[in-house]
Colleague: 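Handing you this structure, nothing more for now.
Model, not experiment: these values are computed from the prediction.
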Amino acid sequence: MTETSSTPSTAGDAHEAPRGRLQRLMRYIPLVAPVLLWAVPCGVLLYTGQHWPLPVTLTGTVLFVAGLVGMPLAMARGHGRRQQDWAAIIGDTLLGSAWVLFVWSVLLGVLLRLALTVAGVGDGQDRARIVTWAVLGVSAALLAWGYYEARRVPRVRRLDVELPRLGAGLDGTRVVLITDTHYGPLDRARWSERVCETVNTLEADLVCHTGDIADGTADRRRAQAAPLGTVEATRARVYVTGNHEYYSEAQGWVDLMDRLGWEPLRNRHVLLERGGDTLVVAGVDDVTAESSGLAGHGADLAEALTGADPDLPVLLLAHQPKFIDRAAAHGVDLQLSGHTHGGQIWPFHYLVRLDQPALAGLTRHGTRTQLYTSRGTGFWGPPFRVFAPSEITLLLLRAAS
């Protein structure tokens, strides 16, 4: 394998400057975003020519102000030092609702109003009220559908992945990927059981979890995570940390997964052998591990591949797709990742793409390396998934024809 160098790659240099500017911009988002999320829908629905009766206008304004004030307070109580689940549920639900209202207030507030004007439908007040009811109707429908999509057991996504260096003895190896389960304030123990039952129907040789198991410590979310101990694989069950583990005592999650029978691949590898051929299955800590301050944690691909035959194909587990630059530099054949949730609530995926090289699906990076990015099995924060369905992934590894 290519030796690790202390000098950043050319690809890393190309992305460093824009990502640095993005990080500086992100500092101001917590201050500006809540105001925009609530003020824009309030203006579009109440103050753009509707001329609602005064009680309607006042009631609507009070509701939007309550959302603007209540959302950050609830999220601070729920996700801050106090970690109160009821507050997290309220804050997360308000955040998702505000995002959907904001998006469709902007889209329908411009496009529908323009279409009505061109069609000559009604006067200014009629058009403004039609836009209001359209925004409310579309938002309500998407939130109801998005809640159902977030809470259901994910559908299984199946695809073949050809790895030219894979030996014929390993052709047809069945790899199941789950990721970003995000057990959290909403108790999903039964959902977790059903996910694991679905995984067990897939007759996997290898089952992988690429991190973000939960929001909260292992002690706090143990009941929701416990069904992971029932997952079956003929060869191995392997796990790597995600960034959310490092918000919630990551070592506790590593220890719990080990007790549940999963093999934590913390900068190390195992060998999967069949029919006289071998596949290196490696894993690294999440890229945020080093800055977490947790002793002994940090992504180190060179360490993960130490002792592996460089002529063998490599399957790498890395939580974030942006690790692909390092994977390609080391000649990894296939990287499995999560983290993006496919954007989770459209059109948030445009913001995700500013930080990650892939959003979902199979992509190629360089001459050898492929990346599969899962949309995730669970959801983070807002209990909604809009145009970004969750998934359990079955990858059939294929040798070259």
Side-chain angles (χ1 to χ4, degrees), residues 1-16 157-177 179 205-206 208 210-211 235-236 238 240 265 267-287 299-340 353 356-374 393-401:
M1 289 293 174
T2 306
E3 292 295 327
T4 301
S5 169
S6 60
T7 304
S9 66
T10 303
D13 291 339
H15 290 290
E16 184 176 356
R157 186 178 187 190
R158 296 172 168 85
L159 72 157
D160 291 1
V161 181
E162 184 177 297
L163 302 181
R165 296 201 301 163
L166 190 71
L170 288 165
D171 184 71
T173 297
R174 299 169 71 86
V175 178
V176 171
L177 170 62
T179 184
D205 297 303
L206 177 71
C208 309
T210 53
R235 301 289 174 169
V238 292
V240 293
L265 295 182
N267 302 321
R268 52 185 293 270
H269 70 269
V270 295
L271 300 178
L272 194 157
E273 300 173 325
R274 193 177 73 183
D277 290 304
T278 303
L279 173 68
V280 177
V281 181
V284 292
D285 292 340
D286 184 62
V287 294
D300 190 338
L301 182 53
E303 177 67 21
L305 296 176
T306 296
D309 185 336
D311 293 327
L312 293 177
V314 177
L315 171 66
L316 173 69
L317 276 60
H319 177 65
Q320 298 195 40
K322 63 184 175 184
F323 197 81
I324 194 64
D325 288 346
R326 280 179 262 185
H330 280 76
V332 166
D333 297 82
L334 176 63
Q335 175 179 315
L336 302 183
S337 298
H339 186 67
T340 69
R353 284 292 281 116
Q356 299 292 334
L359 186 75
L362 190 66
T363 52
R364 181 171 292 278
H365 301 262
T367 57
R368 174 188 294 175
T369 306
Q370 297 179 77
L371 164 67
Y372 184 81
T373 307
S374 168
T393 317
L394 173 60
L395 303 166
L396 270 68
L397 304 186
R398 296 298 186 187
S401 302

Colleague: Could you give the distance from CG (L305) to CZ (R268), rounded to the nearest 0.5 Å?
Modeller: 12.5 Å

Colleague: For residues Q335 and H365, determine if any side-chain heavy atom of one lies less than 4.5 Å from a side-chain heavy atom of the other.
Modeller: no

Colleague: Minimum heavy-atom separation for L166 to L279, with atom names?
Modeller: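 Here L166 and L279 meet closest at CD1-CD1, 4.3 Å.
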
Colleague: Would you check if L334 and L362 make a side-chain contact, meaning some heavy-atom pair closer than 4.5 Å?
Modeller: yes

Colleague: L315 and side chain to side chain contact (heavy atoms under 4.5 Å, CB included): which partner among V280, L206, V238, V161?
Modeller: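 Single pass found, and it is L206.
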
Colleague: Has the side chain of T210 got a donor or acceptor atom that lies under 3.5 Å from a matching backbone atom of L317?
Modeller: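 Pair absent, no side-chain N/O of T210 close to backbone of L317.
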
Colleague: Can you name the nearest heavy-atom pair linking P313 to T278, along with the distance?
Modeller: CD-O, 3.5 Å

Colleague: Please give me the minimum heavy-atom distance between Q356 and P321, naming the atom from each residue.
Modeller: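 Heavy-atom minimum between the residues: OE1-CD, 3.2 Å.
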
Colleague: Which atom names give the shortest non-hydrogen contact between L316 and A327, and what distance separates them?
Modeller: CD2-CB, 3.8 Å

Colleague: What's the spacing between Y372 OH and T393 OG1 if we round to 0.5 Å?
Modeller: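 It comes to 4.0 Å.
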
Colleague: So do H339 and F323 actually touch side chain to side chain, heavy atoms under 4.5 Å?
Modeller: no

Colleague: Do V175 and L336 come close enough that some side-chain heavy atom pair is under 4.5 Å?
Modeller: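 Counting from C-beta outward, V175 and L336 do come under 4.5 Å.
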
Colleague: Can you tell which of D160, T173, L159 makes a side chain to side chain contact (heavy atoms under 4.5 Å, CB included) with L396?
Modeller: D160

Colleague: Does the side chain of V176 come within less than 4.5 Å of R174's, by heavy atoms?
Modeller: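 No. Closest side-chain heavy atoms not under 4.5 Å.
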
Colleague: Hey, are the side chains of L312 and H269 touching, using non-hydrogen atoms and a 4.5 Å cut-off?
Modeller: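 No, too far: nothing below the 4.5 Å cut-off.
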
Colleague: What is the minimum heavy-atom distance between A318 and V284, and which atoms define it?
Modeller: CB-CG2, 3.8 Å

Colleague: Any chance you could measure T363, atom OG1, to L371, atom CG, to the nearest 0.5 Å?
Modeller: 4.0 Å

Colleague: Side chains of L397 and L170, heavy atoms from C-beta outward: is any pair under 4.5 Å?
Modeller: no

Colleague: Please confirm whether the backbone N or O of S337 pairs with a side-chain atom of T373, one donor and one acceptor, at under 3.5 Å?
Modeller: no

Colleague: To the nearest 0.5 Å, what is the distance between CZ on R158 and CG on L395?
Modeller: 11.5 Å

Colleague: Identify the heavy atoms of S374 and T179 that sit nearest to each other, and give their distance.
Modeller: OG-CG2, 3.5 Å

Colleague: So do the side chains of D333 and Q370 get within less than 4.5 Å of each other, counting heavy atoms only?
Modeller: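 Counting from C-beta outward, D333 and Q370 never come under 4.5 Å.
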
Colleague: Ignoring hydrogens and geometry, is there a side-chain-to-backbone donor-acceptor pair from D171 to A399 under 3.5 Å?
Modeller: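 Yes, because the side chain of D171 sits within donor-acceptor range (under 3.5 Å) of the backbone of A399.
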
